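For reference, the structure discussed in these notes is given below.
Naming convention: chains lettered A, B, ... in sequence-line order (proteins, then strands); numbering from 1 in each chain. Keep in mind it's a predicted model, so treat the numbers as computed, not measured.
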Protein chains: 4
Amino acid sequence: MARGVNKVILVGNLGNDPETKYTQGGMAVTTLSLATTSVRKDREGNTQERTEWHRVKLFGKLGEIAGEYLRKGRQVYIEGSIRYDKFTGQDGVEKYFTDIVADEMQMLGGGGEGGGAGGGGGGRSERPSRPAPRQEAPRKEAPPAKSNDFGSDFADDDIPF
Amino acid sequence: MARGVNKVILVGNLGNDPETKYTQGGMAVTTLSLATTSVRKDREGNTQERTEWHRVKLFGKLGEIAGEYLRKGRQVYIEGSIRYDKFTGQDGVEKYFTDIVADEMQMLGGGGEGGGAGGGGGGRSERPSRPAPRQEAPRKEAPPAKSNDFGSDFADDDIPF
Amino acid sequence: MARGVNKVILVGNLGNDPETKYTQGGMAVTTLSLATTSVRKDREGNTQERTEWHRVKLFGKLGEIAGEYLRKGRQVYIEGSIRYDKFTGQDGVEKYFTDIVADEMQMLGGGGEGGGAGGGGGGRSERPSRPAPRQEAPRKEAPPAKSNDFGSDFADDDIPF
Amino acid sequence: MARGVNKVILVGNLGNDPETKYTQGGMAVTTLSLATTSVRKDREGNTQERTEWHRVKLFGKLGEIAGEYLRKGRQVYIEGSIRYDKFTGQDGVEKYFTDIVADEMQMLGGGGEGGGAGGGGGGRSERPSRPAPRQEAPRKEAPPAKSNDFGSDFADDDIPF
DNA sequence: TTTT
DNA sequence: TTTT
C-alpha cells in the first residue's frame, strides 16, 4: 500500500500553544511548533547549538487531543511523516512548506493530564458543530486501530505456537 | 492509548521461507526469521561480524501477504514492536521468547511482486476455510488504515491553511 | 559497514534504579529496566494493558551518565539495537537473553538534571580507578561524534551550495 | 549533548544520479533526490498516490561512498535528521529549504556493490586533491564508529554479567 | 517561539 | 519493577 518508507520521530518542546482549525468536513487540524536542539563543535572547538522548528500537523481525533491537552513548553513525542507542499501566492511567488504529519503522539514528562494517543484517520469523526471543539464527543464507533491492537477476534490462547 | 513508545525498525534478509499458521478464529500468523548483521572492530583491530536473528510475527492481512510473497533470502523492511513472552514447558522449565510484532512491512529490492503493506488488525479478516491460505480473498471491506490515509472525508481543498 | 538495520526506539519509565558495573578494562556497563505499556481491546471489548520490560544496556560514557543521573520512575528515551544472547548455565541449561544496546539516551520530563547524551563507543574511556565511577573525568580527547556533528573542519560558509 | 530527538528514516529510490561537491576544506557533500510514495483513498474511494521528493545530504566519508556507489533508480535506506534552512536571494526574496542530513546509509536490493555505511563525521577525511572525487581512496584510518561498535578495548569476556 |  |  506504499512504496518506500517516510518516517519521522521527534521529541521536543512546544514553542507556542497549539492552533486548531476545522475543515469544512468538520475534521480538526492542529498545528504545533516543535523545537529540537542539537549540539556540535565548530572548527574552533566551540559548542554550537542549533534548533530546528518543526511544523507538525495532527488531523482528526489526534488533532483534537493535541489541541486540548498540549500547551506551550510541553514536551512531546511525535511520530509521523514528512510532507512537502508548494503554494503559489496571489503575487505569483511560489512558497514551499514542509510539514510533519503526525500519526502518533505522546505527551512526555510529569504534569501530564493524559497519556498517549495515536493512529486513526481523522475522517472517521462525524461532523462536529464545528467552531466548538468537541470535548466529550460520544464514541459511537470502534476506536482507531493501534499498533498493538491485534483485532477483535484475537486472543493469546488462540495462537497455535 | 498507550504509555510509552516501543518501536523496532529492521531491514534484513529472510533465513528461511516464512511459516504461516492460522488461529482458531482464522487469522493468519506468519513467522519470519530475519537476519541483521553489524560490524565492529575488536580490541585487536580485527573486524568482527555479528548477526542477530529476529523472530518476526505478522498477523492478519499482513501475515497473509508475507506468507504469500516473501521467500528465503528476500530483503525486507519491518516496523513493529518488541514483545517478550514466557512459557513454562511440561518439564516445568520456563522458556523465554522475544518476538518482533510487525505492523508495517515492505519488500525491498527488485524482483518485487508487490510493494508494501501495513497497519490493520488481523481480526478484520473473515474466517477462511483455514488450512488453505486465502490467495485471492475478496476484499469486501475497507483496507486497513495507513499512516498517510487521512480518512474518507478528507480532501486537500478542505483544509483551511 | 553493516548489512541491515537493527534499530529500536523506546520511551518508557524505569522500574528500578540503574545498575552500573565495570568491565576489567574499566568500561561502565549500566543496565536499565524500562517499561513500555500498550493498550488493546480484547474480543469482549475490554481494554487490556500489556507492559513490556526491556533490559537496556548502556556502555562507556553513556553508561556512566545513565548510572549517575537516572533513577527509578524516571522517563527516558532510548535509541539502540536489539541483541540476542544465549548462555549455558552450569546445569547445562541454555538461557536466552534479549538486550537493547543503547547508543542514544535522553532524559525526559522536568526535574531533569541533565540533557541528552549519546553516541560514542565506551572503549574510548581510559580505565578509571574502577569501583569509583568517574564523576569529573578529564576529557583529553575529542568527544564522540554526534549525529549533527559535521566534523572539525566543517563550517557553514564552507559549503558550495 | 542534545535537547530533543530529530530523527528521519527513509526508504526510497533515487530520482537522479547523486551530485557530489567538495567544501573548501575538502569534505565531500553529496545530494540525493529520494522518492517515497504513499497511498491513500480519497473521499470518493479512489486510490491516490502521493510522492514526496526528499533532498538528502551526505557529508564526508558517507558522501563519498554515496557519490561513488549510488545511481539513479537505486533503492536506499537513509537515517538522519531534518534541517530547515533559509536563504535570502540577491532579489531580496527569502527561500526555504528542507534537507535530510544523513548519518547512516544502506544500499538496498540486489546488484549491490556494497553494504551499508554510516556514522562518523566528515571531518575525518584528509583533504583530497579536491575537484577530483576520490574513487579509490586508500583507507589509512579506522572506519567511522558504528552503532554496534563497542570500542577498541571491549570484548565479550570482559563483561561482568 | 520551546527547553536545559 | 515504572508510569497514568
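Rounded to whole Å, the distance from OH on Y77(A) to P on dT2(E) is 25 Å. Between the C1' atom of dT1(E) and the CG atom of N16(A) lies a distance of 5 Å, rounded to the nearest Å. Distance, L70(C) CG to dT3(F) P: 14 Å, rounded to whole Å. Atom C1' of nucleotide dT1(E) and atom NZ of K72(A) are separated by 6 Å, given to the nearest angstrom. Remark: P of dT3(E) and CG of L108(A) are 15 Å apart, rounded to the nearest angstrom. R50(C) has its CZ atom 22 Å from the P atom of dT4(F), to the nearest Å. Between the CG atom of L14(A) and the P atom of dT2(E) there is a distance of 11 Å, given to the nearest Å. The distance between atom CZ of R71(C) and atom C1' of dT2(F), rounded to the nearest whole Å, is 15 Å.
The pair K21(A)-E19(A) fails the salt-bridge criterion, with no side-chain N (NZ, NE, NH1 or NH2) lying under 4.0 Å from an Asp/Glu carboxylate O. Remark: K72(A) does not engage D17(A) in a salt bridge, criterion side-chain N to carboxylate O under 4.0 Å.
Here E94(A) pairs with K86(A) under the salt bridge (charged side-chain N to carboxylate O under 4.0 Å, His left out) rule; sequence neighbours left out. For D91(A), the side chain to side chain contact (heavy atoms under 4.5 Å, CB included) partners two or more places apart in sequence, or in a different chain, are V93(A).
Contacts of T51(A) with the nucleic acid, taken as non-hydrogen atoms under 4.0 Å apart, include base atoms.
On a pure distance criterion of 3.5 Å, no polar donor-acceptor pair joins the side chain of T37(A) and the base of dT3(E).
Each of dT2(E), dT2(F), dT1(E) was ranked by its minimum atom distance to the side chain of S33(A); first place goes to dT1(E). Of the candidates dT4(F), dT2(E), dT2(F), dT4(F) carries the atom nearest the R3(B) side chain, counting heavy atoms from C-beta on.
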